[in-house]
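The structure appears right after this line, and notes come after that.
Counting starts at 1 for both ligands and their atoms, following the listed order.
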Amino acid sequence: MGDVFILGIESSCDETAAAIVRSGEEVVSSVVYSQITTHQPYGGVVPELASREHLRAIVPVVRKALEDANQTYDSIDALAVTKGPGLAGALLVGLSYAKALAYSLQKPLIGVNHLEGHIHAVLLEERQNGNRELQFPVLALVVSGGHTHLYLAERRDESWTYHDVGHTRDDAAGEAFDKVAKLLELGYPGGPVIDYLAPHGNPRAVKFPFAQIKHRDRNPQNRHPDDDHRVDFSYSGIKTAVLRYVDTHDLRARIEKRRQALGPLSTPSREQVLAACDPETLDLVASFQRAMVYDLVGKTLSAARQHNVATVLVTGGVAANSELRTAFEREASEAGLPIHFPSRKLSTDNAAMIAAAAYPRFIAREFADPELSADAGLRLR
Ligand code: KG4
Ligand code: ZN
């Protein structure tokens, strides 16, 4: 088959994105319009505002992606759009637009699971870098603001299947970064700023014990054979532990001082946030990140051993974290396991990953029917 150009559209959370990807192996253009400044004053994504911003951005973002790729509405071969999981209203904007566009252009439309998109971000870049042979079985950690999931991925011809072998029982890892940053008045989103601040503190200053999660259902009849190999995550406890530390170490006044210093600046730079932090806060931030990284790396590699996998993929917004990358690379190389990440740009939400995940489905002619609708709680299998 000749070159296939797929226009991908992504609007599941707070990024409006469009991209053109050639044959699942080359990012020809990728445009991401981030709504960060809209949500920043609230310290988190406000769903109603997200939908409104997607509505405003979707047409110019798609146009720019086509222009940057020297493509037109007519020259592309197919469209791909995120159908879930995500915010219902936000998903609907991208989905309705993609459906209308595909219908009017008489081109095939492919519905893509956002989590499968994150996994294909890694595969896309590996192919782009000339690495075509991936050893199976593959274990993928998808770690973002909404998800902390471990999947065993298998491939038969063009068809991929995913088996959930562990996920968070409560908060996602990115959510913990965001909530801790909000609590400490460090800004939004929390991941990138904590990533920047952590090297300025002592990661051994504060100990955060992680609870071992026991199986909820102790009745043997209700258990699945895979349960023994399940690895579960939980991140609501560490958020409470940070809160407790703040209260027992009199950090409240310093948080308030920081709020007053940074409040008047509409988008404080990382350097300004750092300047507003005292050593104790930096130690707390460094220790929090260290605990998160150790938990994610430890549990992922333990799942990799249990399932005897040949390759590990780490993807999603939190995969952009520097300490997480270094720790994964070190530990995986010690274990003799090949590990792959997307570039930082493709770790966070983008549409190139959606267009890439759609390519095998394009080859298999798995096109969406006209009833395709958004599914906020869509699962990956
Ligand atoms: O994948 P993504 O863009 O959106 C979702 O699908 O959720 O992930 C966003 C999440 C946010 O929680 C953000 O704080 C986190 O990824 N994040 C990071 C870093 N960059 C983004 N967390 C830790 N370190 C980073 N460098
Ligand atoms: Zn995402």
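- Looking at ligand 1, you'll find an N or O of G174 within less than 3.5 Å of one of its N or O atoms.
- Closest protein heavy atom to atom 26 (N) of ligand 1: D195 OD2, 2.8 Å.
- Within the protein, the number of N/O/S atoms found under 2.8 Å from the Zn ion (ligand 2) is 3.
- Between the side chains of Y359 and E25, no donor-acceptor pair of N or O atoms lies under 3.5 Å.
- When only interatomic distances are considered, the shortest N/O to N/O separation between T348 and ligand 1 does not fall below 3.5 Å.
- Summary of contacts: the protein heavy atom closest to atom 3 (O) of ligand 1 is D349 N, 2.9 Å.
- Between the side chains of N131 and E126, at least one donor N or O lies within less than 3.5 Å of an accepting N or O.
- When the heavy atoms of G190, S347, G191, A198 are ranked by distance to atom 18 (C) of ligand 1, first place goes to G191.
- For atom 7 (O) of ligand 1, the nearest non-hydrogen atom of the protein is G145 N, 2.9 Å.
- Neither the backbone nor the side chain of H147 has any atom closer than 4.0 Å to an atom of ligand 1 (non-hydrogen atoms only).
- Protein heavy atom in closest approach to atom 17 (N) of ligand 1: G317 O, 3.5 Å.
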- request: Using the side-chain contact (heavy atoms from CB on, under 4.5 Å) rule, take L262 and E185 through it: C-alpha gap first, then chi angles, then the decisive distance, then the call.
  value: CA-CA 8 Å; L262 299 175; E185 290 286 348; 5.9 Å; no

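- Scanning the protein for heavy atoms near atom 13 (C) of ligand 1, the closest one is D178 OD1, 3.8 Å.
- For a threshold of 3.5 Å applied to N or O pairs, the pair formed by N321 and ligand 1 contains at least one separation below that value.
- In this structure, R63 does not pair ionically with E67, as no charged nitrogen and carboxylate oxygen lie closer than 4.0 Å.
- Taking a cut-off of under 4.0 Å to the non-hydrogen atoms of H118, the atoms of ligand 1 that pass are 1 (O), 6 (O).
- Shown here is F136, whose CZ atom has more than 12 heavy atoms of other residues, nucleotides or ligands within 6.0 Å.
- No more than 12 heavy atoms of other residues, nucleotides or ligands shown are found within 6.0 angstrom of CG on D157.
- Residue-ligand proximity: H114 is placed with a non-hydrogen atom under 4.0 Å from ligand 1.
- By the 4.0 Å N-to-carboxylate-O rule, D247 lies close enough to R252 to be salt-bridged with it.
- Of the candidates V112, I110, L378, K83 forms a side-chain contact (heavy atoms from CB on, under 4.5 Å) with just one, namely L378.
- A salt bridge links D164 to R230: one of the charged nitrogens lies within less than 4.0 Å of a carboxylate oxygen.
- Ligand 1 has G146 within reach: a non-hydrogen atom of the residue lies less than 4.0 Å from it.
- Residues N321 and Q289 are in side-chain contact: their nearest non-hydrogen atoms beyond the backbone lie under 4.5 Å apart.
- If you check the side chains of E10 and T82, you find a donor sitting under 3.5 Å from an acceptor.
- With respect to the salt-bridge test (charged N to carboxylate O, under 4.0 angstrom), the residues K182 and D178 do not qualify.
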